[in-house]
There are 2 protein chains.
Amino acid sequence: MSQQEKIMEEFRSVFNKLVWLNRGEMEEALKGHKSSEVHCIEYIGKHVDPNVTRLAEAFYMTRGAISKITKKLLDKGLIESYQSSENKKEIYFRLTPEGRNVFEIHENLHRSFRERDDVVFEKVSAEQYASMSRFLDAYNRHLDAEIDKQGIMLQDRPNPE
Amino acid sequence: MSQQEKIMEEFRSVFNKLVWLNRGEMEEALKGHKSSEVHCIEYIGKHVDPNVTRLAEAFYMTRGAISKITKKLLDKGLIESYQSSENKKEIYFRLTPEGRNVFEIHENLHRSFRERDDVVFEKVSAEQYASMSRFLDAYNRHLDAEIDKQGIMLQDRPNPE
DNA sequence: CTCATTTTGTTTCCTTGTCAACAAAAATTA
DNA sequence: TAATTTTTGTTGACAAGGAAACAAAATGAG
C-alpha cells in the first residue's frame with residue numbers, strides 16, 4: 001500500500017469513528033431530535049438568511065430532503081420562516097427561542113467533544129498544524145476543481161430526447 | 001475558531017467532497033451496481049471467510065442492512081456463499097467470476113482516483129507523511145478507547161424491566 | 001450432559017433521503 | 001414588454017438503512 005493510500009485509510013477510519021461516536025452522544029443528549037435536524041439548526045443559527053437551497057448545498061443533500069427536515073423543524077416550533085419584501089420566492093429561516101435552546105445544547109456538546117479529543121491535539125506542534133493545513137487546503141482546492149470539471153461534463157451532456 | 005476546529009473542518013470538507021465525487025464516478029462506471037454493493041464486493045474480494053457480521057463491523061452498518069445487500073449480490077450472481085463443516089451457523093461469501101470482474105473494475109477506478117489526486121500527494125514530504133500518520137494513529141487509538149468506553153457504558157446500563 | 005446465554009443471519013416495519021415532476025417566482029432574452 | 005429559461009421550494013414514489021423480533025446454531029455454566 002502506498003503512503004497515499006495508508007494516509008487516506010487512516011483518515012477515513014478516524015472520520016467514520018468520529019461520526020459514529022459523536023452522533024450517538026448527540027442523539028442521546030438531544031433526544032427527540034435527529035442529528036440531521038440538529039445540523040440544520042446549527043447552520044440556521046450561524047448564517048444570515050439561510051434557505052432550503054443554501055442548506056442543501058452546505059450538506060451535499062437534495063433540496064427535497066432539506067425541505068422535509070425544515071418542515072419538521074417548523075412543526076416542532078424550533079425554527080420559523082420569513083420572507084423579504086423584494087423576493088417572494090425565497091423562504092428564509094431563523095431560530096425560535098426553543099430552537100436557540102437546542103442550538104446552545106448542541107454547541108456545548110461540541111465543546112465537550114473538543115475537550116474529549118484535546119489529549120490528541122495538544123501534542124500537535126504549530127509546525128504540524130501548518131503542515132497539515134497546507135496539505136488539506138491544497139487537497140480541497142484540487143477537489144473543488146475536479147467537482148467543477150464534473151459539473152461541466154454533466155451539464156454539457158446532450159439531451160437524448 | 002481554534003486550530004483544532006479549523007483542521008477538523010478542512011478534514012471534514014475534504015472527506016465529504018471525496019465521497020461525493022468518487023461515488024458519482026463509481027456509479028457511472030459501474031452502472032447497475034450501487035456503491036454499497038461495490039463496497040461489499042471489495043471487502044469480500046480482499047478478506048478470507050467474510051460473513052454478514054464482519055461486513056457490518058467493517059462498514060459500521062447493521063447486520064440487517066448487510067444481509068439485504070448480500071442477498072442482492074447473490075441474486076445478481078456476483079457472489080456465492082459457502083459454509084464450513086465445523087460451523088453450520090456462519091455463512092461465508094466469495095466472488096464469482098462476474099463478481100471478480102466488478103472487483104477489478106472497481107480496483108482500476110480506485111487507481112484512477114489515486115492518479116487524479118497524485119498532484120496533491122507528490123508535494124508531501126516524507127516527514128509530512130510521518131507526522132500526519134503519527135497524528136492519525138494517535139487519534140485512531142484515542143477514538144477506539146472512547147468507543148470502548150461508550151460500549152461499556154451502554155452494556156452496564158441496568159435493565160429497567 | 002443440560003439448560004441458559006450469546007452469536008449469527010433474516011425479516012418486517014419505519015424513517016430518511018433521492019429522484020423526478022411540478023408550480024410559482026425571478027431572471028434572461030428577444 | 002413578452003416570451004423563454006432558470007431558480008426555488010414542495011410533493012409523491014421509491015430505495016436504502018436502522019431497530020427490533022425472531023429462529024437456529026454455538027458457547028458456557030452448572
Side-chain angles (χ1 to χ4, degrees), chain A residues 16 19-20 23-24 26-28 31-40 43-44 49-76 79-93 151 154-155 159-161, chain B residues 16 19-20 23-24 26-28 31-41 43-44 49-76 79-93 151 154-155 157 159-161:
Chain A
N16 285 337
V19 168
W20 190 81
R23 178 189 307 236
M26 194 71 83
E27 296 194 338
E28 189 164 357
K31 282 215 194 306
H33 309 294
K34 289 288 139 72
S35 84
S36 61
E37 296 171 25
V38 179
H39 282 145
C40 285
Y43 187 94
I44 291 169
D49 293 345
N51 60 2
V52 166
T53 300
R54 299 291 152 264
L55 285 160
E57 287 167 351
F59 300 142
Y60 291 81
M61 287 171 61
T62 60
R63 293 200 307 276
I66 299 292
S67 180
K68 289 167 188 166
I69 295 173
T70 53
K71 190 175 158 62
K72 273 208 295 184
L73 293 175
L74 285 166
D75 290 347
K76 288 187 184 180
I79 62 175
E80 54 193 19
S81 59
Y82 62 97
Q83 287 184 280
S84 111
S85 49
E86 297 106 49
N87 191 318
K88 306 233 160 273
K89 188 174 60 164
E90 298 179 340
I91 302 171
Y92 311 111
F93 302 108
L154 288 175
Q155 232 171 342
N159 243 333
E161 77 272 20
Chain B
N16 284 337
V19 167
W20 191 80
R23 175 189 309 233
M26 196 71 85
E27 296 194 337
E28 190 164 356
K31 282 215 193 305
H33 308 295
K34 292 287 145 110
S35 85
S36 61
E37 295 170 28
V38 179
H39 282 145
C40 286
I41 288 178
Y43 187 94
I44 292 169
D49 293 346
N51 60 2
V52 165
T53 300
R54 299 291 152 264
L55 283 160
E57 287 168 349
F59 299 141
Y60 291 82
M61 286 171 63
T62 59
R63 293 200 308 275
I66 299 292
S67 180
K68 291 167 193 165
I69 295 173
T70 53
K71 188 174 158 60
K72 272 208 294 182
L73 292 175
L74 286 166
D75 290 346
K76 288 188 186 181
I79 62 174
E80 53 192 20
S81 60
Y82 62 96
Q83 288 184 278
S84 112
S85 51
E86 296 107 50
N87 192 319
K88 307 233 157 273
K89 188 174 59 162
E90 298 179 338
I91 302 172
Y92 311 110
F93 302 107
L154 288 175
Q155 231 172 341
R157 196 159 41 180
N159 242 334
E161 77 271 27

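First the proteins, then the strands, lettered A, B, ... as listed; each starts at 1. Keep in mind the model is a prediction, meaning the values are calculated, not measured. Scope of the values below: all heavy atoms of this structure, side chains included, with no hydrogens, waters or symmetry mates.
When all heavy atoms are compared, the tightest approach of A:Arg23 to A:Ser35 is NH1-OG, 3.7 Å. Across B:Ala65 and B:Met61, no two heavy atoms sit closer than the pair CB-CE, 3.6 Å. Between B:Val38 and B:His33, the shortest heavy-atom contact is CG2-CB, 4.0 Å. Residues B:Asn51 and B:Tyr92 approach most closely at CB-CD2, 4.1 Å, considering heavy atoms.
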Could you go through nucleotides 14-18 of chain C and list every protein N or O atom that sits under 3.5 Å from one of its N or O atoms, giving the distance for each pair?
{"from": "C:dT16", "atom 1": "OP1", "to": "A:Lys72", "atom 2": "NZ", "distance (Å)": "3.3"}
{"from": "C:dT16", "atom 1": "OP2", "to": "A:Lys72", "atom 2": "NZ", "distance (Å)": "3.2"}
{"from": "C:dT18", "atom 1": "OP2", "to": "A:Thr62", "atom 2": "N", "distance (Å)": "3.2"}
{"from": "C:dT18", "atom 1": "OP2", "to": "A:Thr62", "atom 2": "OG1", "distance (Å)": "2.8"}
{"from": "C:dT18", "atom 1": "O4", "to": "A:Lys68", "atom 2": "NZ", "distance (Å)": "2.3"}

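For A:Glu80, the side chain to side chain contact (heavy atoms under 4.5 Å, CB included) partners two or more places apart in sequence, or in a different chain, are A:Arg94, A:Thr96. Scanning for side chain to side chain donor-acceptor pair (under 3.5 Å) contacts around A:Asn87 gives an empty result, with sequence neighbours left out. Applying the side chain to side chain donor-acceptor pair (under 3.5 Å) criterion to B:Tyr82, with sequence neighbours excluded, gives B:Asp49. Residues passing the side chain to side chain donor-acceptor pair (under 3.5 Å) test with A:His39: none are found, sequence neighbours excluded.
Legend: salt bridge (Lys or Arg N to Asp or Glu O under 4.0 Å) pairs involving residues 53-62 of chain B, not counting sequence neighbours, sorted by first then second residue: B:Arg54-B:Glu57.
A straight line from CD1 of B:Ile91 to P of C:dT7 spans 18 Å, rounded to a whole angstrom.
At least one side-chain heavy atom of B:Phe59 sits under 4.5 Å from a side-chain heavy atom of B:Cys40.
Between A:Phe93 atom CZ and A:Ile44 atom CD1 the span is 6.0 Å, to the nearest 0.5 Å.
Using a 4.0 Å cut-off on heavy atoms, none of the residues of residues 79-88 of chain B approach DNA chain C.
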What donor-acceptor contacts under 3.5 angstrom involve side-chain atoms of residues 66-75 of chain B, with partners at least two apart or in another chain?
{"from": "B:Thr70", "atom 1": "OG1", "to": "B:Ile66", "atom 2": "O", "distance (Å)": "3.1"}
{"from": "B:Thr70", "atom 1": "OG1", "to": "B:Ser67", "atom 2": "O", "distance (Å)": "3.0"}
{"from": "B:Lys72", "atom 1": "NZ", "to": "B:Glu37", "atom 2": "OE2", "distance (Å)": "2.8"}

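A sub-4.0 Å separation between OP1 or OP2 of C:dT7 and a side-chain N or O of B:Thr53 is absent.
In this structure, B:Phe93 and B:Lys89 both approach DNA chain C, and ranking their closest nucleotides by distance from the 5' end singles out B:Lys89.
For the helix from C:dC1-D:dG30 to C:dA30-D:dT1, the terminal axes (five pairs an end, C1' atoms, rotation from four pairs onto the next four) enclose an angle of 30°, given to 10 degrees.
Contacts between chain B and DNA chain D, taken as any atom within less than 4.0 angstrom of a protein heavy atom, begin and end at D:dA16 to D:dA26.
Using a distance-only test at 3.5 Å, with no hydrogens or angles considered, no donor-acceptor pair links the side chain of B:Glu90 to the main chain of B:Gln83.
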